[in-house]
Amino acid sequence: MNDKLIIYQIFTRLFTNDNDHCVPNGTIEENGCGKLNDITPRVLASIAELGVTHVWFTGVIEHATATDYSRYGIRPDNHWVVKGKAGSPYAIKDYYDISPDLAVSVPDRMAEFEALVERVHQAGLKLIIDFVPNHVARQYHSDVAPKGVKDFSADDDMDKFFSPNNNFYYIPRQKFSPTFYIGEGADAYVEFPAKASGNDCFNAFPGQYDWYETVKLNYGIDYGNGTAHFSPIPDTWLKMLNILRFWSAKGVDGFRCDMVHMVPVEFWEWAISNVKEKYPEIKFIAELYDVNIYRDYIFRGGFDYLYDKVNLYDKLRGIQCHNVSAAQITNCWQTVDGIGSHMLNFLENHDEQRFASEQFAGNAQLVRPSLVVATTLSTGPMMIYAGQELGEKADDAEGYSGRDGRTTIFDYWSIPTVRRWYNHGKCDYERLSTSEIELREFYKRLFRIAVSEPAIREGQFFDVMYVNYGKPHFDAHRQYAYLRKKGHDIILVAVNFSGEECNVEITIPEHAFETLGMLRGNFFATELLTSRRKKKSLMPDQPFVTDIPANGAVIWKIKQSKAK
């Protein structure tokens, strides 16, 4: 049996924080912070009941923060090069440590993480953490690295812009001088020579919209002349492989790898194969935003799954918000034909605006057609962001993060819908509205269908849109339909992006019967989202007739008595 992954992303700092009186730009003392220990068996059971298979804990590894933990032997960060009070989880300060924010007992933070790994596995789930390969915090320093492990830049020649043996890129003889204020006197942040910033800013003068809180890592590419220096193996490669092996040994089941296209594919080819020699079941997920290199990072780089952001996500958003035709979904699966099983679909994550935000759809109840397509179009993983299943709007301005339709990653805060569901650890519906409960139940029903139905989990796909264009009882601009097939099971998925209920007639071509080996005739069918049963025609010369709710979907399952 092939598993279909349903990934639930948790922004760990926020997820179990139940403070309902947070103040913008508040400190950890004022606003509180979720803890690893708060992710109890009860919390995990409630997540698992959604049909979730994997939990991605975002912001677990120690990153730069304005909170002072020096009393625990942790070197403090200069606040001028930290974004927000809490700091960005992608400005990694120590690859070998856990964020002290997340610990009940800071000296025992790694033990608390190891206990979380055990609880996740006992709940029948798997655990994913971030691996941030492209850059580190401006003041990277490991307090707890294993014996013999040197910090990044410990042996760098800082007089050179590039050296194959350097971990960083330097701007020789220039002081780090961003275009914004970074203090004065004892409070100032001083860096000489300046290091290149993480978004490929190869000068000493990053602006406020640059990734100025990070330093770019050197993987052997000389950006001065474009040459590659991969032999002998660069020091950065060796350091990163050690880090991946360190977390693999902790029982981590997967890595969500940040901005992988900013690191040469040659590194991934080498590192992933080395990790999988000892830990073959570990999954590598790539954040990648260039369709033209998808296949290179799968077949050469070795990634198991890739974000399909610039393909399916962008198309579904266009259909929802900008009157793009639903028929263009066909182009999405054609773009990734042959690698569809490697595509990770989503409608939300920490980088994107919430679906229910006023900047996106403005209404969580409109999610059903997009959600059904993203979940059932392929055998690849589906991912949601905690609070999405409750219709979180992210309509607050948290501090460093403004009112932009996103849940902050820089501030100490709590998430209103998640806070009410969490309900001080009870994880129940007591404080949720009727619409929030109904939405979460829809997510639960859909995801359970996705992981339990062989035709969706691992079956064949057939797009029927090409024979339904222009038909009088099917609007290809607002409706979309396709088949999934495995063994004796046939599933027809049809979605409706219109605000009006529709009754459609879907033509299933002769070619579909031949390709999928389907029997012709009249069969009893079950609509899996509602459990209603009806007799349906499955023939090339008679349309498949179904009603579809406004902004809704149907998933009809036909179990044929024998395969052709």
Would you sort out whether Glu358 and Arg403 count as a salt bridge (charged side-chain N to carboxylate O under 4.0 Å, His left out), showing the intermediate values?
-> CA-CA 10 Å; Glu358 65 178 33; Arg403 191 171 181 271; 3.1 Å; yes

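- Judged as a side chain to side chain donor-acceptor pair (under 3.5 Å), and not counting sequence neighbours, the contacts of Thr417 are Glu392.
- Side chains of Tyr307 and Arg256: a donor-acceptor N/O pair is present below 3.5 angstrom, by distance only.
- With sequence neighbours excluded, no residue forms a side chain to side chain donor-acceptor pair (under 3.5 Å) with Tyr212.
- Screening residues 140-166 for ring-ring contact (aromatic ring centres under 6.0 Å, His included), with sequence neighbours left out, gives Tyr95-Tyr140, Tyr95-Phe152, Tyr140-Phe152, Phe161-Tyr169, Phe161-Phe202, Phe162-His229.
- Applying the side-chain contact (heavy atoms from CB on, under 4.5 Å) criterion to Asp235, with sequence neighbours excluded, gives Asn167, Lys239.
- No side-chain N or O of Asp156 forms a donor-acceptor pair with one of Ser153 less than 3.5 Å apart.
- Heavy-atom neighbours of Arg300 CZ from other residues, nucleotides or ligands within 6.0 Å: above the threshold of 12.
- Of the options Ile128, Ile39, Val252, Asp130, a side-chain contact (heavy atoms from CB on, under 4.5 Å) to Phe57 is made by Ile39 and by none of the others.
- Under a 4.0 Å N-O distance rule, the pair Asp18/Arg419 does not qualify as a salt bridge.
- Among the candidates Lys393, Arg317, Arg354, the single residue satisfying the salt bridge (Lys or Arg N to Asp or Glu O under 4.0 Å) test with Glu348 is Arg354.
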So Tyr72 and Asp143, side-chain hydrogen bond (donor to acceptor under 3.5 Å, both in side chains) or not? Walk me through it.
-> CA-CA 10 Å; Tyr72 298 105; Asp143 301 303; over 6 Å; no

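- Close placement of the Trp268 and Phe303 rings is indicated, their centers lying within 6.0 Å of each other.
- Salt bridge Arg109/Asp97: present, at least one basic N to carboxylate O contact under 4.0 Å.
- Applying the side-chain contact (heavy atoms from CB on, under 4.5 Å) rule to Glu118 yields the partners Gln122; only residues at least two apart in sequence or on another chain are considered.
- Aromatic pair Tyr90/His350: ring centres closer than 6.0 Å.
- Note on residues 274-283: pairs passing side chain to side chain donor-acceptor pair (under 3.5 Å), not counting sequence neighbours, are Lys276-Asp304.
- Note that the CG atom of Leu312 and the CG atom of Leu347 stand 8.0 Å from one another [nearest 0.5 Å].
- What you find for Val310 and Val291 is that their closest heavy atoms are CG2-CG2, 3.5 Å.
- Qualifying side chain to side chain donor-acceptor pair (under 3.5 Å) partners for Arg440, counting only residues two or more places apart in sequence or in other chains: Ser46, Glu49, Tyr429.
- Listed by first and then second residue, the salt bridge (Lys or Arg N to Asp or Glu O under 4.0 Å) pairs that reach into residues 196-212 are Asp200-Lys216, sequence neighbours excluded.
- A salt bridge links Arg420 and Glu436; the closest N-O separation between the charged side-chain nitrogens and carboxylate oxygens is under 4.0 Å.
- Salt-bridge formation is not detected for the pair Lys93/Glu213: no Lys NZ or Arg NE/NH1/NH2 atom is positioned less than 4.0 Å from an Asp or Glu carboxylate oxygen.
- Inspection of the Asn17 and Tyr412 side chains reveals no N or O donor paired with an N or O acceptor under 3.5 Å.
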Glu112 and Ser105: side-chain hydrogen bond (donor to acceptor under 3.5 Å, both in side chains), yes or no, with the steps?
-> CA-CA 8 Å; Glu112 291 185 14; Ser105 171; 4.9 Å; no

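- When the side-chain contact (heavy atoms from CB on, under 4.5 Å) test is applied to Asn423, the partners found at least two apart in sequence or on another chain are Lys426, Asp428, Glu430, Arg431.
- Of the charged side-chain nitrogens involved, at least one lies within less than 4.0 Å of a carboxylate oxygen, so that Lys250 and Glu114 count as a salt-bridged pair.
- Counting only N and O atoms by type, the side chains of Tyr8 and Thr53 include no donor and acceptor under 3.5 Å apart.
- Considering Phe255, Phe131, Phe113 in turn, Phe113 is the only one that fulfils the ring pair (Phe, Tyr, Trp, His ring centres under 6.0 Å) rule with Trp247.
- Distance alone, capped at 3.5 Å, places no donor-acceptor pair between the Gln353 side chain and the Ser357 backbone.
- In this structure His63 satisfies the side chain to side chain donor-acceptor pair (under 3.5 Å) test together with Arg13, sequence neighbours excluded.
- Here Trp421 and Phe15 bring their ring centres to under 6.0 angstrom of each other.
- Under the rule for a side-chain contact (heavy atoms from CB on, under 4.5 Å), the partners of Ala228 that lie at least two apart in sequence or sit in another chain are Ile221, Phe230.
- Ring pair Trp56/Phe11: centre-to-centre distance not below 6.0 Å.
- Judged by distance alone, the side chains of Ser142 and Asp94 do bring a donor and an acceptor atom under 3.5 Å apart.
- Side-chain contact annotation: Asn31 with His21, donor-acceptor N/O pair under 3.5 Å absent.
- With 3.5 Å as the limit, one finds a donor-acceptor pair spanning the side chains of Asp187 and Trp80.
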Step by step, would you call Asp253 with His121 a side-chain hydrogen bond (donor to acceptor under 3.5 Å, both in side chains)?
-> CA-CA 10 Å; Asp253 301 293; His121 291 161; 2.6 Å; yes

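- Ion pairing between a basic and an acidic side chain is recognised when a charged N comes within 4.0 Å of a carboxylate O; Lys309 and Glu287 show no such pairing.
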Should Tyr189 and Gln139 be marked as a side-chain hydrogen bond (donor to acceptor under 3.5 Å, both in side chains) after you check the CA-CA gap, both sets of side-chain angles, and the distance that decides it?
-> CA-CA 10 Å; Tyr189 175 71; Gln139 295 177 291; 5.5 Å; no

Which donor-acceptor pairs under 3.5 Å do the side chains of residues 171-178 make with protein atoms, sequence neighbours left out?
residue, atom, partner, partner atom, Å
Ser177, OG, Lys175, O, 3.0

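- Using the six-membered ring where Trp is involved, Trp270 and Phe267 have ring planes that are tilted, between 30° and 60° apart.
- Between the side chain of Thr408 and the backbone N or O of Phe410, at least one donor-acceptor pair lies under 3.5 Å.
- Within 6.0 Å of atom OH in Tyr209, 12 or fewer heavy atoms from other residues, nucleotides or ligands are found, so the atom counts as exposed in its surroundings.
- Looking only at atom types and distance, the side chain of Ser197 has no donor-acceptor partner in the side chain of Asn199 under 3.5 Å away.
- Between Ile129 and Ile61 the shortest heavy-atom distance is CD1-CD1, 4.1 Å.
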